[in-house]
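Take a look at the structure set out below.
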There are 2 protein chains.
Amino acid sequence: MNDRLFKCLVESNRRRILYCIGEKEMCVNTISDCLNLEQSLVSHHLKELFRCGLVERERRGKKNFYSVADPKILELLEKAHELGDSLEVCNLD
Amino acid sequence: MNDRLFKCLVESNRRRILYCIGEKEMCVNTISDCLNLEQSLVSHHLKELFRCGLVERERRGKKNFYSVADPKILELLEKAHELGDSLEVCNLD
DNA sequence: ATAAAATATGAATAGACATACATATGAACG
DNA sequence: CGTTCATATGTATGTCTATTCATATTTTAT
């Protein structure tokens, strides 16, 4: 996994998108409605996610349906959350 | 796992530091020598890693020894690499 | 107490990146 | 063909952050 992929995976709105389409494929408008994000922003993020191979795309009529490319992606995020919960955060501010 | 922790975990030089001290605890100078990074840069990164609970610190004499806080951290990075290898990257540039 | 070694901190800068806005492209349908 | 819906793209901008340099702090030894 290269740097770009790592970073693509952890940005918060992109993670939200992944969670969102993780349950069921969704078109761009639905995603932006669900997450309350600008359409163009969602589109930009989807482009990067696609570029990194994290999502798949399927055109049906006017709509583009996106889905998570591999269930392992969500599993990894899940494991990350578990790990985060078990760490002792040391606030130095 | 919050946003800050995610991002702390994936930055490339911080990952290098984690890999570096994963095998054996190290002091700051040794880390900067191993990775060929400025001492102050390593120190800044270690501060953030510590703040997020990803590394532990132990003072011995003049030196500060750092180690990975939990083996699960490296396991997670390992899983991320495996996942990355199995994804089809779609270069859109 | 002074010096040296090891590390931490502060500030300044440059580069990356998320976001927003405007506009372009493409697909269906009358 | 023109219109509308759905999405993509280009650009500009502000924000975040990695890095560097200079300096401060801490610890040990003389």
Side-chain angles (χ1 to χ4, degrees), chain A residues 1-21 24-68 90-93, chain B residues 1-21 24-68 90-93:
Chain A
M1 181 174 281
N2 58 34
D3 210 45
R4 186 162 190 168
L5 181 46
F6 265 115
K7 290 199 173 168
C8 184
L9 190 58
V10 306
E11 198 275 331
S12 59
N13 276 330
R14 280 192 294 267
R15 287 204 322 274
R16 293 178 67 207
I17 291 174
L18 287 174
Y19 297 139
C20 192
I21 63 179
K24 192 167 71 70
E25 61 167 15
M26 279 188 184
C27 64
V28 182
N29 271 332
T30 312
I31 299 172
S32 33
D33 286 349
C34 282
L35 302 179
N36 203 30
L37 295 175
E38 285 248 343
Q39 175 269 322
S40 68
L41 178 59
V42 173
S43 200
H44 279 300
H45 280 319
L46 285 170
K47 180 177 183 179
E48 182 63 12
L49 286 163
F50 186 77
R51 210 204 77 93
C52 291
L54 291 167
V55 302
E56 284 168 351
R57 178 167 53 197
E58 191 192 338
R59 186 111 204 174
R60 287 207 294 277
K62 281 187 266 192
K63 298 185 176 179
N64 253 339
F65 286 88
Y66 285 89
S67 56
V68 178
C90 232
N91 200 324
L92 297 179
D93 294 334
Chain B
M1 180 176 280
N2 58 33
D3 210 44
R4 185 162 190 168
L5 180 46
F6 265 116
K7 291 199 172 169
C8 184
L9 189 58
V10 305
E11 198 276 330
S12 59
N13 277 330
R14 280 192 293 266
R15 288 204 321 274
R16 294 178 67 207
I17 291 174
L18 287 174
Y19 297 139
C20 193
I21 63 179
K24 191 168 71 70
E25 61 168 15
M26 279 187 184
C27 64
V28 182
N29 272 332
T30 311
I31 300 172
S32 33
D33 285 349
C34 282
L35 301 180
N36 204 30
L37 295 175
E38 286 248 342
Q39 175 269 321
S40 66
L41 179 58
V42 173
S43 200
H44 279 301
H45 281 318
L46 284 170
K47 181 178 182 178
E48 182 64 11
L49 286 164
F50 187 75
R51 210 204 77 94
C52 291
L54 290 168
V55 302
E56 284 169 351
R57 178 167 53 198
E58 191 192 337
R59 186 109 203 174
R60 288 208 293 278
K62 283 185 262 191
K63 299 185 176 181
N64 252 339
F65 286 88
Y66 285 89
S67 56
V68 177
C90 232
N91 199 325
L92 298 178
D93 295 333

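Each chain gets a letter, A, B and so on, in the order the sequences are listed, and its residues count up from 1.
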Using whole Å, what does the distance between atom C1' of nucleotide D:dC16 and atom CG of B:Asp3 come to?
12 Å

For C:dA8, take OP1 and OP2 only and decide whether either is under 4.0 Å from a side-chain N or O of B:Arg57.
yes

Pair listing, side-chain hydrogen bond (donor to acceptor under 3.5 Å, both in side chains) test, anchored in residues 33-42 of chain B, at least two apart
none

Separation of atom CD in B:Glu48 from atom C1' in D:dC16, rounded to whole Å
12 Å

Going by the rule salt bridge (charged side-chain N to carboxylate O under 4.0 Å, His left out), which residues pair with A:Arg15 if we only count those two or more places apart in sequence or in a different chain?
B:Asp3

Give the minimum heavy-atom separation between B:Arg14 and B:Glu48, together with the two atoms involved.
NH1-CG, 4.3 Å

Test your reading of the model: is there a side-chain donor-acceptor pair from A:Arg16 to the backbone of A:Leu35, 3.5 Å cut-off?
yes

To the nearest Å, how far apart are B:Lys47 NZ and D:dA18 P?
13 Å

Any residue of residues 34-44 of chain B with a heavy atom less than 4.0 Å from an atom of DNA chain D:
B:Glu38, B:Ser40, B:Leu41, B:His44

Does D:dA8 have OP1 or OP2 under 4.0 Å away from a side-chain N or O of A:Tyr66?
yes

Using atom CG of B:Leu46 as one end and atom C1' of D:dT19 as the other, report the distance to the nearest whole Å.
15 Å

Answer with base, sugar-phosphate or nothing: what part of the nucleic acid does B:Arg60 contact at a heavy-atom distance below 4.0 Å?
nothing

Qualifying salt bridge (charged side-chain N to carboxylate O under 4.0 Å, His left out) pairs with a residue from residues 59-68 of chain B, counting only residues at least two apart or across chains:
B:Glu25-B:Arg60, B:Glu58-B:Arg60

Atom-pair distance (CG on B:Asn64; C1' on C:dT9), nearest Å
14 Å

Quick one: pull up NZ in B:Lys7 and NZ in A:Lys7 and give me the separation to the nearest 0.5 Å.
9.5 Å

Side-chain touch B:Leu54/B:Leu5, heavy atoms, less than 4.5 angstrom
yes

Nearest-nucleotide comparison on DNA chain C, the residue closer to the 5′ end among B:Cys27 and A:Lys7
B:Cys27

Starting at atom CD1 of B:Ile17, determine the distance to atom P of D:dA18, rounded to an integer number of angstrom.
11 Å

Spacing between A:Asn13 atom CG and D:dC16 atom P, to the nearest angstrom:
14 Å

Considering every strand and a 4.0 Å limit on heavy-atom distances, what is the contact class for A:Lys63: base, sugar-phosphate, or nothing?
sugar-phosphate

Which part of the nucleic acid does A:Phe65 contact within heavy-atom distance under 4.0 Å: base, sugar-phosphate only, or nothing?
nothing

If we only count heavy atoms from C-beta on, is the B:Ser32 to B:Asn29 side-chain gap below 4.5 Å?
yes

Compare the minimum distances between each of D:dT27, D:dT19, C:dA18 and the side chain of B:Lys62, then state the nucleotide with the smallest one.
D:dT27

Angle between terminal axes - the helix from C:dA1-D:dT30 to C:dG30-D:dC1, 5 pairs each end, rounded to 10°
10°

Using the ring-ring contact (aromatic ring centres under 6.0 Å, His included) criterion, which residues pair with B:Phe6? Sequence neighbours excluded.
A:His81

Check every atom of C:dA18, C:dT7, D:dA18 against the side chain of A:Glu11 and return the nucleotide holding the closest atom.
C:dA18

Rounding to a whole Å, what distance do you find between A:Arg59:CZ and C:dA28:C1'?
11 Å

Any side-chain heavy-atom pair from A:Leu18 and A:Val55 closer than 4.5 angstrom?
yes

